[in-house]
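Here the structure comes first, spelled out in C-alpha cells, and everything after it is commentary.
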Amino acid sequence: MSKDLFSQASFGRIRLRNRIVLAPMTRSRAGVHDEPTDIMIDYYRQRASAGMSITEGIYPSADGKGYCRTPGLVSDVQVAGWQRVCDAVHSEGGSIVAQIMHCGRVAHADNKAARSETVAPSAIRARGDMFTDTAGMQPLSEPRALRSDEIPGVIAEFGRATERAFDAGFDGVELHCTSGYLPAQFLSTGTNQREDEYGGSLENRVRFPVEVLSAMASVDGAGRVGFRICPGNPFNDLSDENPGETFRAFLAAVRDFGLAYLHVIRLHNVELDNIALAREGFVGPLIVNDSYKLEEAQAVIASGEAAAVSFARSYIGNPDLVERFRSGAALARFDSKKLYTPGADGYSDFPAFEAGA
Ligand SMILES: Cc1cc2nc3c(=O)[nH]c(=O)nc-3n(C[C@H](O)[C@H](O)[C@H](O)COP(=O)(O)O)c2cc1C
C-alpha cells in the first residue's frame, strides 16, 4: 500500500499522526533565564497539528549557547518552561522533540552567561558575524580548543540534557549534527585539527558525535533519539575535504544503534546527493528537508523515498500548515525582519486559516 503524507507513522518510540514535521527554527524568543516564554508556548501549541514538532536548537550547557535569547535545557526553570510547552503540544494531540544544539565556536561571548566559554575541537575562529543585543553585529568569538580530558564531560552534557528533556515530557530528542555547530566541527577537517583520539583520522573525527549519540541513547533507549545531518553544508564557515566519506563513516558507526530517525537536509548546489547517502547509510525512517512544496512532499512519501518531510519557512506564517495542505489553501508569507526580534509580532500572531486568512 502506498503511503500518504497524512497517514500515521512511528519513528522508534515516537508516534506521528501525519508525516508533516515542523522543522527546527531558532527564533530568539526565550526569557531572561533562557527559559521558554508564554509566546513560545503559543507558537508550539499553534503548530501542534504537525505529525511531529521539532523545537528550535536548545543548548545542553552554558558553553553550548551561541546566539542571543536562545533557550537551554540546563536549569530547573528551563525544564519547567519546556514542560509547559510539551503539555500544550500534547493537549492538542501532537508529538514534540527537543533539538539539542551545542554551538561550539559559532558563538559570541556577549550572548552567553558571564562565566561560560566558547569551546571547539581546535582554536580556529569561524569567519563571520553574529548579532548581539549589546553591540549589534559582531565578529564570532575566538574559541578555546577542548582538552582531551574535558571531552567526556562535554559528551555527558548531552546525556544530561536528554534526561532533562524527558523530565520535561518531550517525546524524543534530536542531535543537531550540521550547520557548523559542535558535532559538525568535530566531523570536519577544516575545524578539527586535533591530534588526540578525537581528531586526525576519519575514525577519530566521527568519535565525538558517535559518543554523544550513544550518551543520549543510554538515557532511555535509542528509540527516542534522532539526529540531523547535511553533508557538504558550508554554513558557518564549515569545510571538509571529503564530506561524503565523512558522513558515510559517521552513519556506518551508528548503524546498529537503532536510532529513531535520521533527518537529512538536501543541498541543491553540490554534487553530493544527501538523500541517497542517507538512504544507503541509515536503516530507519528518513525525514527529508529543504524547500519542499506540497506536491513534491506527497511524491517522496508515496514513493517511499522518505518517511516524513519537514517544513521550516512554510510553517512561519502558517501555524495550521497541515490543514492548509489538506484543503489546498494558499500559504501566508512572513516578514524576514521579524525572524529573531523579541515579542509575538511575526512569531505567534499568525491567524489560523479558519480564522479568515
Ligand atoms: C529562522 C530559521 C531558523 C532556523 N534555525 C534552525 C535550528 O535552530 N536548527 C536547525 O537544525 N535548523 C534551523 N533552521 C533550518 C531549517 O530547519 C530548515 O532546514 C531550512 O529552513 C530549510 O527548510 P525549508 O525550505 O522548509 O525552510 C532554521 C531556518 C530558519 C529559516
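When a ligand or atom number is given, it counts from 1 through the structure's own listing order. These values consider heavy atoms only, across backbone and side chains, with no hydrogens, waters or symmetry-generated copies.
A donor-acceptor contact closer than 3.5 angstrom is absent between the side chains of Thr189 and Arg205. Side-chain contact check for Thr118 and Arg105: no donor-acceptor pair (N or O, by modelled atom type) lies under 3.5 Å.
Of all the listed residues (Leu22, Asn289, Thr178, Val264), Asn289 holds the heavy atom that lies closest to atom 22 (C) of ligand 1. When Ser28, Pro24, Ser336, Cys230 are checked for heavy-atom proximity to atom 14 (N) of ligand 1, Pro24 turns out nearest. Of the candidates Arg27, Arg266, Arg313, the one placing a heavy atom closest to atom 31 (C) of ligand 1 is Arg313.
The shortest heavy-atom contact between Gly94 and Arg17 is N-NH2, 3.5 Å.
Between the CG atom of Asp290 and the SG atom of Cys230 there is a distance of 7.5 Å, given to the nearest 0.5 Å. Put simply, CD1 on Ile316 and CZ on Phe334 are 4.0 Å apart, with the number rounded to the nearest 0.5 Å.
Heavy atoms of Asp290 found under 4.0 angstrom from ligand 1 belong to the backbone as well as the side chain. Using a 4.0 Å cut-off between heavy atoms, Tyr292 makes no contact with ligand 1 at all.
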Test side-chain hydrogen bond (donor to acceptor under 3.5 Å, both in side chains) on Asn318 and Arg324 and set out the steps. CA-CA 8 Å; Asn318 301 283; Arg324 291 195 198 218; 3.0 Å; yes
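Checking only distances, Ala23 never comes within under 3.5 Å of ligand 1, N or O to N or O. Considering backbone and side-chain N/O atoms, Met101 never comes within less than 3.5 Å of an N/O atom of ligand 1. Polar contact with ligand 1: absent for Glu56 (N/O pair, distance under 3.5 Å). Note: no N/O pair closer than 3.5 Å links Ser314 and ligand 1 by distance alone. Of the N or O atoms in Ala312, one or more lie within a sub-3.5 Å distance of an N or O in ligand 1. Polar contact with ligand 1: present for Gln99 (N/O pair, distance under 3.5 Å).
Listed by number with element, the atoms of ligand 1 under 4.0 angstrom from any heavy atom of Gly57 are 8 (O). Close contacts of ligand 1 with Ser291, meaning ligand atoms under 4.0 Å from a residue heavy atom, involve 24 (P), 25 (O). Each of the atoms 1 (C), 3 (C), 4 (C), 5 (N), 6 (C), 7 (C), 8 (O) of ligand 1 lies under 4.0 Å from some heavy atom of Thr26. For ligand 1 and Phe311, the ligand atoms under 4.0 Å from any heavy atom of the residue are 26 (O).
Cation-pi contact between Arg47 and Tyr43: present, with separation from the ring centre below 6.0 Å and deviation from the ring axis of at most 45°.
Heavy-atom neighbours of Glu197 CD from other residues, nucleotides or ligands within 6.0 Å: above the threshold of 12. Crowding of Arg15 atom CZ: a count of heavy atoms from other residues, nucleotides or ligands under 6.0 Å not exceeding 12.
Residue contact check for ligand 1: Tyr340 places a non-hydrogen atom closer than 4.0 Å to it.
For atom 11 (O) of ligand 1, the closest non-hydrogen atom on the protein side is Arg228 NH1, 2.7 Å. Nearest to atom 29 (C) of ligand 1 among the protein's heavy atoms is Met25 CG, 3.9 Å.
In this structure, Glu245 contributes its side chain and Asn242 its backbone to no donor-acceptor pair below 3.5 Å.
The existence of a salt bridge linking Arg164 and Asp167 is excluded, since no basic side-chain nitrogen approaches an acidic carboxylate oxygen closer than 4.0 Å.
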